[in-house]
**Student:** 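Dropping the structure in here first, questions after.
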Amino acid sequence: MRMVEEIVKNMTLEQKAAQLVQIPYAQVGREKAEEWARLGVGSFLHVMGDNAKRLQEIAVKSGAHIPLLFGIDAVHGHCLNRKATVFPTQLSMACAFDPALVKRMAQAAAKEISADGLHQTFSPVLCLGRDMRWGRVDETFGEDPFLAGELGAAMVEGYQGEDNADDTSVMACAKHYIGYGEATGGRDSYDTSITYRKIKDTFLPPFEKAVKAGLASIMTAYGSIDGTPCTSDKKLLKEILKEELGFDGFVVTDWQNVSHLIREQHVAENEKDASRLALESGNDMMMNAPEFYEAILDLVESGEVKEEQLDAAVLRILTVKKRFGLFEDPFKQADERYLGCEEHLRLNKEIARESVVLLKNDGILPLTGQKRILVAGPSADDIRCNYGDWTYFSHPLPDYDTQPVRPYVTLLEGVKELAKKHNCTVDYVKGCEINEEIQGGIEKTVAAAKKADIVIFACGDNILLAAEACDRADVRLPKAQRELFKALCATGKPIVTALICTKPLCVPEVDAHSTAVLTNFNGGMFGGLALAEAVFGEINPHGKLPISFPYHVGQQPCYYNQLPGWHCRSYADMPEKPLYPFGKGLSYTSFAYSDMSFDAKTLTLRVNVQNVGERDGAEIVQVYFRDIVSSVITPVKQLVAFRKVQLKAGESKELRFTFTRSDFSLVNAQERRVTEAGAFEIMVGGRSDDADLQKCMFTLS
Ligand code: GLC
């Protein structure tokens with residue numbers, strides 16, 4: 001019998017019940033936490049350093065001597081710890097279309113998480129960002145299931161390492177399972193009206209890839225699918241995840257999901273009812289559900305729940321703890337010097353540079369010659385705008401006014417640093433706050449603009465406007481910023497706009513009146529520097545959008561993988577196409593595609609890509625396919641491969657992509673994933689827009 005099965009056999013009912021609970025340290029405080037540790041609780045979240053160590057010392061001496069598991073929200077680095085490296089958010093990193101880079105970031109983050117004595121990170125987010133009203137789009141890898149799956153699996157591998165028991169390996173926890181970002185109205189934790197077929201077709205693939213990458217844990221979403229809460233959906237948690245996908249890690253609920261069944265979703269009468277429902281549906285660990293402990297004891301005593309039902313959940317948790325070496329070394333910890341170390345800061349700069357997306361350029365960039373530059377706007381010199389959510393500024397430790405910790409480089413600081421080298425002078429006027437005017441701000445900014453040759457306008461939102469439980473119905477720039485931009489346009493000066501934002505905002509006026517537009521969403525400690533380096537041409541930007549920018553909130557859904565069938569294919573008052581499409585990203589050079597061929601026998605695509613400009617650069621080549629006739633309606637195009645290729649000026653390279661039949665599959669009306677015979681179209685190019693894609697037809701027998 002395996003060691004963990006032996007342990008479960010010898011555990012008391014109380015110890016089993018406690019093992020299934022995850023307690024939030026910050027909420028219960030030291031006293032109560034130590035009591036839970038003596039009782040044999042399975043896990044804590046949001047505890048760090050010495051507080052964690054002290055609890056572990058108690059746990060291993062108590063009851064069944066089962067080591068504690070410590071979970072933390074380290075979602076783009078271990079950013080709740082001020083000493084840690086704040087990497088770009090997932091949405092920002094996704095602009096690099098670079099799984100290897102994301103894996104390296106996760107490896108670095110794992111070292112910093114483990115340096116704090118912690119074992120599990122509630123990351124990656126594998127939800128899709130398809131509705132910009134939702135407050136958590138920044139936490140996603142964007143709108144596409146293929147890209148989210150490739151990057152999510154890479155992140156899991158980075159966190160968990162080759163050897164899970166190594167000091168530098170931590171458990172990944174893919175979240176939020178499932179369809180959380182698809183809720184009606186973009187509303188956080190609200191109901192998602194989709195079918196299981198749609199789930200398997202569009203939202204499950206990223207989780208499948210994460211499970212194949214060895215995922216240790218997965219988090220049940222707050223919301224519900226067509227009226228059934230994810231927390232009480234046995235088909236979702238047992239049949240699809242544990243049986244069909246063969247997931248062998250453990251399922252942890254999101255924050256208080258068990259009591260939400262009573263309070264928010266009204267599918268359970270009381271704590272006993274909710275606890276039984278959560279356990280029987282396939283949740284193994286109950287986050288912030290202290291009431292679950294007593295409830296389960298009562299349920300077993302009254303015979304409503306059999307003790308064996310706890311065993312399956314306890315076994316999954318202990319198996320993962322064993323796999324990650326916690327029984328061998330409950331105090332496993334990476335070297336504390338990893339926190340914010342030079343190597344991680346260098347990697348952070350590299351990622352920031354790979355993630356800059358040039359969306360418009362009338363030729364003014366890269367800046368040349370002696371220029372008097374005015375930097376204006378509320379996002380230019382506030383590092384909090386570059387950080388996104390889940391850092392020491394944000395929840396769960398509400399501390400938005402805390403002082404930022406160096407090192408970091410804001411856009412203004414980056415422009416000032418590079419202006420010296422480029423014989424330029426720099427003025428700065430904030431002009432307005434993110435979401436309110438500054439007295440005389442517009443006048444001051446206009447006056448400064450009149451003296452300048454060019455304006456760099458830094459605008460966007462922040463996590464007071466976009467976060468968990470913070471959705472927006474109108475996703476334009478806040479009014480104060482729209483007014484400031486309008487006044488700047490009236491000066492007639494050329495404007496380079498840097499969108500420093502958590503997610504795509506509806507900015508048609510910015511596109512219409514800026515001579516250039518760049519973004520890297522929330523680029524982390526060095527996001528500002530990377531934008532400045534792109535403006536001065538120190539780097540040749542080559543990021544691509546992992547998500548579409550709508551013209552207007554009402555234009556959604558405007559993701560690229562639309563279904564056919566919309567009559568007249570546009571609104572009477574709005575075009576069909578988004579302002580900026582998925583996959584878009586310009587460069588200071590240009591690339592030509594030619595000699596595309598597809599061998600239907602070997603399913604191999606060949607295409608030639610040439611750098612036909614004057615500068616070396618990189619191109620993220622994208623491959624899409626369409627199933628010409630299918631048993632259910634399928635998208636007009638779907639991403640099926642991508643690859644970044646570095647090309648010197650003039651250089652060309654033949655790229656080869658080999659596929660398998662399952663790459664061209666769909667989920668049919670019987671909810672089964674199949675590849676149907678028939679005609680297919682494969683397309684390749686540097687962005688998802690039709691006009692630029694090379695195409696080939698082929699047939700699968
Ligand atoms: C939060 C979030 C989840 C996070 C968890 C623990 O409410 O929904 O993403 O990991 O609770 O903080």
Side-chain angles (χ1 to χ4, degrees), residues 4-5 8 16-17 19-22 42-43 126-127 156 171-180 191-192 194-254 257-261 265 267-268 272-287 289 292 295-296 299-300 304-320 323 667 670-673:
V4 286
E5 279 154 356
V8 175
K16 290 176 186 176
Q19 189 61 213
L20 306 187
V21 175
Q22 183 175 60
S43 158
L126 297 182
C127 311
V156 169
M171 299 164 201
C173 180
K175 68 186 187 183
H176 306 75
Y177 185 73
I178 195 166
Y180 180 20
D191 186 65
T192 300
I194 51 177
T195 61
Y196 285 108
R197 190 204 73 78
K198 187 70 184 169
I199 285 172
K200 290 183 175 184
D201 178 82
T202 305
F203 300 93
L204 193 63
F207 288 94
E208 281 177 273
K209 288 182 181 172
V211 168
K212 284 203 184 83
L215 184 65
S217 58
I218 198 164
M219 186 186 291
T220 320
Y222 282 131
S224 50
I225 304 286
D226 187 22
T228 302
C230 297
T231 311
S232 59
D233 189 331
K234 193 178 280 191
K235 176 167 177 174
L236 217 45
L237 297 174
K238 283 190 167 173
E239 189 185 310
I240 295 176
L241 178 62
K242 293 182 175 177
E243 287 152 28
E244 286 176 25
L245 289 198
F247 174 61
D248 62 0
F250 65 83
V251 175
V252 56
T253 72
D254 201 342
N257 278 15
V258 178
S259 56
H260 285 166
L261 294 174
Q265 295 164 316
V267 296
K272 277 173 65 174
D273 198 8
S275 300
R276 181 185 49 72
L277 209 43
L279 181 68
E280 287 178 351
S281 301
N283 298 281
D284 303 304
M285 183 179 278
M286 316 300 161
M287 182 190 290
F292 176 87
I296 279 295
L299 285 162
V300 171
E304 291 166 84
V305 164
K306 299 215 171 346
E307 181 166 344
E308 296 69 57
Q309 288 176 260
L310 280 78
D311 293 353
V314 175
L315 208 51
R316 280 177 177 264
I317 293 169
L318 299 195
T319 303
V320 173
R323 197 176 124 197
V667 175
Q670 290 70 44
E671 295 181 24
R672 288 186 40 250
R673 183 165 284 281

**Student:** Mind checking the CG-NZ spacing from Asp311 to Lys306? Nearest 0.5 Å is all I need.
**Tutor:**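 It is 12.5 Å, given to the nearest 0.5 Å.
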**Student:** So, Ser217 side chain and Phe250 main chain: donor-acceptor pair closer than 3.5 Å or not?
**Tutor:**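 No, the answer is negative, given that no donor and acceptor are paired below the 3.5 Å cut-off.
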**Student:** As an exercise, state the distance from CE of Met219 to CE of Met285, rounded to the nearest 0.5 Å.
**Tutor:**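 So the gap between those two atoms works out to 10.5 Å.
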**Student:** Under 3.5 Å, is there a donor-acceptor pair between the side chain of Lys16 and the main chain of Glu308?
**Tutor:**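 No; judged by distance alone, with no hydrogens or angles, the pair does not exist.
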**Student:** So does Thr231 get a backbone contact from the side chain of Asn283, meaning a donor-acceptor N/O pair under 3.5 Å?
**Tutor:**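 Present.
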**Student:** Taking all non-hydrogen atoms of both residues into account, name the closest pair between Phe247 and Ala216 and its distance.
**Tutor:**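 It is CZ-O, 4.0 Å.
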**Student:** If you look at every heavy atom in Gln22 and Ser43, which pair is closest and at what distance?
**Tutor:**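 Heavy atoms only, the tightest pair is NE2-OG, 2.8 Å.
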**Student:** Is the Tyr222 to His176 ring centre distance short of 6.0 Å?
**Tutor:**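 No; His176 has its ring centre 6.0 Å or more from that of Tyr222.
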**Student:** Between Ala17 and Ile296, which heavy-atom pair has the shortest distance, and what is it?
**Tutor:**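 Answer, listing the atom of Ala17 first, then Ile296: CB-CG2, 4.1 Å.
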**Student:** Would Leu310 and Gln19 satisfy side-chain contact (heavy atoms from CB on, under 4.5 Å), going step by step from the backbone distance to the final call?
**Tutor:** CA-CA 9 Å; Leu310 280 78; Gln19 189 61 213; over 6 Å; no
**Student:** Start with the C-alpha gap between Ile178 and Ile240, add the side-chain angles, then the distance that decides, and say whether side-chain contact (heavy atoms from CB on, under 4.5 Å) holds.
**Tutor:** CA-CA 11 Å; Ile178 195 166; Ile240 295 176; over 6 Å; no
**Student:** Can Lys242 and Asp284 be counted as an ion pair, charged N to O under 4.0 angstrom?
**Tutor:**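 Looking at Asp284 together with Lys242, the answer is yes, because their closest N to O distance falls below 4.0 Å.
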**Student:** Determine, for Arg276 against Glu304, whether the closest basic-nitrogen to carboxylate-oxygen distance falls under 4.0 angstrom.
**Tutor:**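 Looking at Arg276 and Glu304, the cut-off is not met.
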**Student:** Are any non-hydrogen side-chain atoms of Pro205 and Arg673 less than 4.5 angstrom apart?
**Tutor:**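 Yes. Closest side-chain heavy atoms under 4.5 Å.
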**Student:** In Å, rounded to the nearest 0.5 Å, how long is the span from CG of Leu236 to OG1 of Thr228?
**Tutor:**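 One gets 9.0 Å once the value is rounded to the nearest 0.5 Å.
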**Student:** If you look at every heavy atom in Leu279 and Leu20, which pair is closest and at what distance?
**Tutor:**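 Nearest pair, atom of Leu279 first, then Leu20: CD1-CD1, 4.0 Å.
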**Student:** Can you tell me how far apart CG (Asp226) and OH (Tyr196) are? Round to the nearest 0.5 Å.
**Tutor:**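 Asp226 atom CG to Tyr196 atom OH measures 8.0 Å (nearest 0.5 Å).
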**Student:** Side chains of His260 and Pro229: closer than 4.5 Å at any heavy-atom pair?
**Tutor:**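 His260 vs Pro229: side chains apart.
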**Student:** Considering all heavy atoms of both residues, which atom of Ser275 and which atom of Ala295 are nearest to each other, and what is their separation?
**Tutor:**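 Looks like OG-CB, 3.4 Å.
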**Student:** One pair to check against side-chain contact (heavy atoms from CB on, under 4.5 Å): Glu280 and Val305. What are the steps and the verdict?
**Tutor:** CA-CA 9 Å; Glu280 287 178 351; Val305 164; 4.3 Å; yes
**Student:** So, taking the atom named CD1 in Ile194 and the one named OG1 in Thr202, what distance separates them when rounded to the nearest 0.5 Å?
**Tutor:**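 Answer rounded to 0.5 Å: 7.5 Å.
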**Student:** For the atom pair SG (Cys173) and CG (Leu215), what is the distance rounded to the nearest 0.5 Å?
**Tutor:**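 Output value for this atom pair is 7.0 Å.
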**Student:** Checking salt bridge (Lys or Arg N to Asp or Glu O under 4.0 Å) against Lys200, which of Glu244, Glu239, Glu208 comes through?
**Tutor:**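 Result: among Glu244, Glu239, Glu208, Glu244 is the only option passing the salt bridge (Lys or Arg N to Asp or Glu O under 4.0 Å) with Lys200.
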**Student:** Could you work out, with salt bridge (Lys or Arg N to Asp or Glu O under 4.0 Å) as the rule, every residue matching Lys209, not counting sequence neighbours?
**Tutor:**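 Partners of Lys209 by the salt bridge (Lys or Arg N to Asp or Glu O under 4.0 Å) criterion, ordered by chain and then number, come out as Glu150.
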**Student:** Run the side-chain hydrogen bond (donor to acceptor under 3.5 Å, both in side chains) test against Ser281 and tell me which residues pass, sequence neighbours left out.
**Tutor:**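 With sequence neighbours excluded, Ser281 shows a side-chain hydrogen bond (donor to acceptor under 3.5 Å, both in side chains) to no residue whatsoever.
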**Student:** Do Asp248 and Arg323 have side chains that approach each other closer than 4.5 Å (heavy atoms only, starting at C-beta)?
**Tutor:**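 A side-chain contact exists here, since the closest heavy-atom pair is under 4.5 Å.
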**Student:** Which pair of heavy atoms, one from Ala274 and one from Leu261, lies closest together, and at what distance?
**Tutor:**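 Closest pair (atom of Ala274, atom of Leu261, distance): O-CD1, 3.8 Å.
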**Student:** Is there a donor-acceptor contact under 3.5 Å linking the side chains of Tyr177 and Asp233?
**Tutor:**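 On atom types as modelled, these side chains do not qualify, holding no pair under 3.5 Å.
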